[in-house]
Amino acid sequence: MSAKLILFYDGGCPLCVREMRHLKALDKQGKIQFESIWADNFSVRFPAIDVTEANRILHGLTPDGKMIYGLDVTYAAWSAVGRGWLVAPLRWPGIRWLADKGYLGFARHRNALSKLITGKERCLPCSLDE
């Protein structure tokens, strides 16, 4: 079965990797392909992805070739594992704008938040298989 969604994430962020591990554990049907933007061969395999921009905001590639960003990726990923209802309110009109602004703040400060929550600011590379 081909991947439903390619999810490009910060593989050096312990907090981000923690969420990817959780998603991977729920992804029993292999609907998500997880790709760390810090993988050695990332730019060769995905030359169209700007690593600097992907480090700023979560990127995802849908099966039809559409690039999606931020919480739209989060919603697509959680939907792929049957749990979209958990994050669906973040895409509702009225909440969407505020949620997107909150996500951008989180993304900008994720290393400090990661240190606060996990005790580690960065790990290069973090593994999804640990």
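What you see is a predicted model, and the numbers here were worked out from it, not measured in a lab.
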Item to check | Side-chain ion pair, Asp72 and Lys66, N-O less than 4.0 Å | outcome: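 A salt bridge is absent here (no side-chain N lies under 4.0 Å from a carboxylate O).
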Item to check | SB check Asp50 Arg56 (cutoff 4.0 Å) | outcome: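 Arg56 and Asp50: not salt-bridged.
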Next on the checklist: side chain to side chain contact (heavy atoms under 4.5 Å, CB included) for Lys115 and Leu15? Distances and angles first, verdict last.
Outcome noted: CA-CA 8 Å; Lys115 183 165 182 147; Leu15 194 56; over 6 Å; no
Are [X] and [Y] side-chain neighbours, meaning at least one heavy-atom pair lies under 4.5 Å?
X: Val51; Y: Trp38; answer: yes
X: Ser114; Y: Glu121; answer: no
X: Phe106; Y: Leu71; answer: no
X: Phe34; Y: Phe8; answer: no
X: Ile49; Y: Phe42; answer: yes
X: Ile6; Y: Gln33; answer: yes
X: Leu7; Y: Leu58; answer: yes
X: Val81; Y: Leu23; answer: yes

Just verifying a value: how many Å separate [X] [atom1] and [Y] [atom2], rounded to the nearest 0.5 Å?
X: Lys120; Y: Cys13; atom1: NZ; atom2: SG; value: 10.5 Å
X: Met20; Y: Leu128; atom1: CE; atom2: CG; value: 8.0 Å
X: Asn55; Y: Glu53; atom1: CG; atom2: CD; value: 9.5 Å
X: Tyr75; Y: Leu86; atom1: OH; atom2: CG; value: 11.0 Å
X: Ile32; Y: Leu5; atom1: CD1; atom2: CG; value: 6.0 Å

Checklist entry - Given the rule that I, L, V, M, F, W and Y join up when any side-chain heavy atoms are under 4.5 Å apart, are Val87 and Leu104 in one cluster? => result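 Shared cluster, yes.
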Checklist entry - Between Trp78 and Leu26, is a side chain to side chain contact (heavy atoms under 4.5 Å, CB included) present by the stated rule, with each step listed? => result CA-CA 9 Å; Trp78 284 94; Leu26 293 171; 3.5 Å; yes
Okay, side chain of [X], backbone of [Y]: is any donor-acceptor separation there less than 3.5 Å?
X: Ser36; Y: Asp10; value: no
X: Arg110; Y: Ala107; value: yes
X: Thr118; Y: Pro14; value: no

Checklist entry - Closest heavy-atom contact between Ile68 and Ala76? => result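 Nearest heavy atoms, Ile68 then Ala76: CD1-CB, 3.8 Å.
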Checklist entry - Going through the distances and angles, do Ile57 and Val73 end up as a side chain to side chain contact (heavy atoms under 4.5 Å, CB included)? => result CA-CA 10 Å; Ile57 187 170; Val73 180; over 6 Å; no
Checklist entry - Stepwise, does the side chain to side chain contact (heavy atoms under 4.5 Å, CB included) test hold for Gln29 with Lys4? => result CA-CA 10 Å; Gln29 297 178 351; Lys4 180 177 182 180; over 6 Å; no
Checklist entry - Around atom CG of Asn41, are there more than 12 heavy atoms of other residues, nucleotides or ligands at under 6.0 Å? => result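 Yes, the 6.0 Å shell around CG holds more than 12 heavy atoms from other groups.
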Checklist entry - Hey, is CZ on Arg83 packed in by over 12 heavy atoms from elsewhere, all under 6.0 Å? => result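 Not buried by this count: 12 neighbours or fewer within 6.0 Å.
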